Amino acid sequence: MEKLFTKTESLYDLPTHYCPGCGHGIAHRLIAEVVDELGIREKTIGIAPVGCAVVAYDYWNFDCSEAAHGRALAVATGIKRVRPHNIVFTYQGDGDLAAIGTNETIHAANRGENLSVVFINNAVYGMTGGQMAPTTLLGQKTSTSIEGRKKEKHGFPLKISEMLALLPGVCYIERVSFHTPAEVLKAKRAIKLAFENQINNLGFSLVEILSPCPTYWGLNPKEALDWTRDIMQKEFPLGRIK
Amino acid sequence: MTERIIIAGSGGQGVMLLGKVLAETAMLEGKQVTYLPAYGPEVRGGTSHCMVTISDEEIGSPYISQADTLIILNNPSLEKFKGKLRNKGLLILNSSLAKSESSGKTCLCQFPFTDMAIKLGNIKVANMVALGCYLSARKTLKINDVLQVFKIMAPAGNLRILEINEQALAEGAGLNHG
Amino acid sequence: MKKDKILISGNEAIAQGAIDAGCNFYAGYPITPQNEIIAYMSKHMADSGGVSIQAESELAAISMVYGASAAGARSMTSSSSPGISLKQEGISYIAGAQLPAVIVNIMRGGPGLGNIAPSQSDYFQATRGGGHGDYRLIVLAPASVQEAYELTRLSFDLADKYRIPVMILGDGILGQMMEPVELRPKTKTIPQKSWALSGCRGRKPNIVKSFFLREGALEEFNKTLQKNHQIISKNEIRFEEINLSGAKVVLVAYGTMARIAKSAVAKLSSNGKKVGLIRPISLWPFPKTAFNSKDKKLKYLTIEMSAGQMVEDVRLAVNGRNPVEFLGRSGGGVPTEEEIINKVKKLL
């Protein structure tokens, strides 16, 4: 009989602590599958973010480090420079990568650090209770933009991926989504390419995932996926950016 | 013996190099030595200075509040540091760019180091003329050891630089015998 | 004639000391008066197979050090007071993750942008941990360029031994001053780090973290940190003492200030005055045991380039048994030998 599926070695067999419909579980699994498929589990080092996914290392069966909020790419730089033969990636949310860590993000990219970044854009701060993120859409209600984000008061959603694409040190950037199984598979291909680029010493790669946060969007899981497709993508169009 | 020397001039006159040559020579002679450069924004233009303490004993403060010797290469530096010279201290002064009246309170050696350096063919060696003058007035270190330090510090293969510095040192050393 | 010494600055001696200790990762950001360290590392680290990065900020530099240490490197960062304030985030994380790292603070005047003159006003920040949370760093205070070299080498060994950040605390004068230094052969054996991130081949994954969510877990973990602190407090006290027997006044000073105090002691002693000196070399753990005089008439005089910080530790150590006086100048002022002598004469 043909074997269709085996357990992903890089992913522990554990119940998830994430909310129903949250994108983190999918993203964790995709990374684990990619690591397995590339046969790099024993040389992979992941950097967990500060945010809901801070305990990502509870799910991943390979070496991991925490980093202070926003400093993941500085920590990753230190690790990768000391161990250039290991595969080092960061897993960061929008607040981490595009607010408190913007400086680290831009400069790691600009140095062309040979790293892979999985950027979870859910347009909100999850762990702290649903505050406005740099990527919160205009009109989107959060606990710190109660009447919806207003450009006059809060500025615009930050398109960090498009900004990073301008930098010569950046090798690859793609924005993906989880709103259909086909899109999830596309997301996996993008993550795999980001890791392959590192294996081939091509420099900085980043995959931005439009990831649902039903809890702080006030939607059920299905509605949340539809929202990424119908609303979020208008501001953050999918596809290869660089 | 403890000798506290403040060397001052304008940026580009080589006061830091003068101080380093003194310190390297003291080290070569097995003496205790500290060299403290000014590291503030004043090193860019304006006056520049360094402090060198040479001693047979362990040196306390590398910062000199009262100097035994001032080696001064321009007038703003004289104004800035003359108050730091101890009673009966030695003032080595570049009279090409600064003048001082002799008084009973200081032992004054003033000669036109810059003019002498120009005559030698390189204005930059005024510092070494001053060093020669100092070492002949106060025999803190041996001229021969300074020459050895020149050889260690000089850029490899540039004999002309070495030669003119040696000349400058000798000219300076001859001043107090004249 | 001595030919085996080289004339280098305190900053250069720290950098060379790090390289000779097997430091293979450095990240820094320019700030006066410690720029010679980052320049020296940029120039020389590659020769010994190490990495030197000019980071985009102090925050990034200390986090790079965190990463490099997590990956098993001997790593260092350096800065001066305002930059060290920025590094406190990373230092707290390094302490929390039990990582070894060496942090150099060549202090300048503060608060705020302050000035670039020498100062000792970061003593509180250095010896109380500095960042958030219950932790300490080992803090070592060299008083000469040779000692800057030696203590930097030692700090890497202590950092690895106790898995704790170690700070070299100097001031602008120490960093800038040049003195003859004798270098020693490079450290050959660096301890294996089974906890480091290297990829999980043949073992369970290693996790470097300081996050403990389960109730009671952090308290439990912090107890292990405190236990480590206790062992360090017992084993790693370092100080120098001069003329303590029969002394009526004992000066207490560290770093550059101790050199000036030492000159004052020499001068006063040559005039028959009974004056001694305690020079703490480890500021944390503070050498409490040095303050054990039975003479109730003895007076301690703490001298600092600050408005009075170490004096609090001296008072804790003396615990009311003897009077503790203070002489200090802040904002870049350096108490002079004359000021010390005058103060001592008043106390005698």
Side-chain angles (χ1 to χ4, degrees), chain A residues 9-10 12 17 35 39-51 53-88 90 100-111 113 115 127, chain C residues 23-27 29 45 49-75 77 86-94 96-97 99 101 131-132 195-214:
Chain A
E9 196 185 2
S10 292
Y12 291 123
H17 80 287
V35 167
I40 54 172
R41 190 185 71 86
E42 292 181 331
K43 54 190 221 175
T44 293
I45 301 174
I47 317 295
V50 170
V54 57
V55 290
Y57 46 73
D58 283 351
Y59 302 101
W60 287 327
N61 181 16
F62 43 74
D63 279 9
C64 282
S65 178
E66 285 171 3
H69 196 31
R71 316 288 169 242
L73 277 164
V75 170
T77 297
I79 295 173
K80 183 71 181 182
R81 293 288 191 106
V82 168
R83 297 196 177 274
H85 301 301
N86 285 84
I87 302 303
V88 183
T90 68
I100 196 168
T102 317
N103 201 22
E104 285 75 6
T105 304
I106 288 175
H107 286 278
N110 194 45
R111 285 190 302 268
E113 296 291 344
L115 296 167
M127 196 194 203
Chain C
C23 172
N24 57 342
F25 186 88
Y26 171 87
Y29 185 87
M45 273 294 263
V51 175
S52 174
I53 302 182
Q54 178 173 336
E56 61 271 29
S57 72
E58 304 292 6
L59 292 164
I62 190 73
S63 283
M64 288 175 186
V65 163
Y66 173 105
S69 286
R74 282 200 149 180
S75 56
T77 185
L86 284 168
K87 286 191 200 293
Q88 293 302 339
E89 172 193 77
I91 296 172
S92 171
Y93 277 75
I94 287 169
L99 294 174
H132 63 283
W195 47 264
L197 306 179
S198 58
C200 61
R201 182 183 300 270
R203 59 163 171 77
K204 288 223 153 69
N206 284 338
I207 309 295
V208 170
K209 61 171 215 154
S210 61
F211 185 59
F212 298 87
L213 200 53
R214 181 176 58 77

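Numbers restart at 1 for each chain; the letters A, B, ... are given by sequence-line order, proteins then strands. If you're wondering where the values come from, they're calculated on a predicted model, not measured in any experiment.
The contact between C/A60 and chain A is made by backbone and side chain atoms together, counting heavy-atom distances below 4.5 Å. At a 4.5 Å heavy-atom cutoff, the contact between A/N86 and chain C is made by side-chain atoms alone. For a residue to count as touching a neighbouring chain, one of its non-hydrogen atoms must lie under 4.5 Å from one of that chain's; by this rule A/V55 touches chain C with the side chain only. At a 4.5 Å heavy-atom cutoff, the contact between A/R83 and chain C is made by side-chain atoms alone. Using a 4.5 Å cut-off between heavy atoms, C/I62 makes no contact with chain A at all. In this structure, no portion of C/S92 lies under 4.5 Å from any heavy atom of chain A.
Below 4.5 Å, heavy atoms of chain C meet heavy atoms from A/E66, A/A67, A/A68, A/H69, A/R71, all part of residues 66-73 of chain A.
Among A/V54, A/D63, A/N61, A/V50, the residue making the largest number of heavy-atom pairs under 4.5 Å with chain C is A/D63. If you tally non-hydrogen atom pairs under 4.5 Å between each of A/T44, A/T77, A/N103 and chain C, the highest count goes to A/N103. Ranked by non-hydrogen atom pairs under 4.5 Å with chain A, the options C/A68, C/G90, C/S75 are led by C/A68. Among C/A97, C/S210, C/A70, C/S57, the residue with the largest count of heavy-atom pairs under 4.5 Å with chain A is C/S210.
Shortest non-hydrogen contact noted between C/Y66 and C/L99 is O-CD1, 3.5 Å. Scanning both residues, C/G67 and A/I79, for their nearest heavy atoms gives O-CG1, 3.1 Å.
The line from CG of A/L115 to CD1 of A/I87 is 10.0 Å long, rounded to the nearest 0.5 Å. With values rounded to the nearest 0.5 angstrom, C/Y93 atom OH is found 5.0 Å from C/H132 atom NE2. If you take CD on C/E89 and CG on C/L59, they are separated by 5.5 Å, rounding to the nearest 0.5 Å. We find the CD-OH distance between C/Q54 and C/Y26 to be 9.0 Å, quoted to the nearest 0.5 Å.
Listed by chain and residue number, C/R203 satisfy the side chain to side chain donor-acceptor pair (under 3.5 Å) test with C/S198 (two or more places apart in sequence, or in another chain). Listed by chain and residue number, nothing satisfies the ring pair (Phe, Tyr, Trp, His ring centres under 6.0 Å) test with A/Y57 (two or more places apart in sequence, or in another chain). Taking the side chain to side chain donor-acceptor pair (under 3.5 Å) definition, one finds that A/S10 meets it with A/D36, sequence neighbours left out.
In this structure, the side chains of A/E113 and A/H107 stay at 4.5 Å or more apart for every pair of heavy atoms.
Salt bridge status for A/E9 with A/R41: present, with a side-chain N to carboxylate O gap under 4.0 Å.
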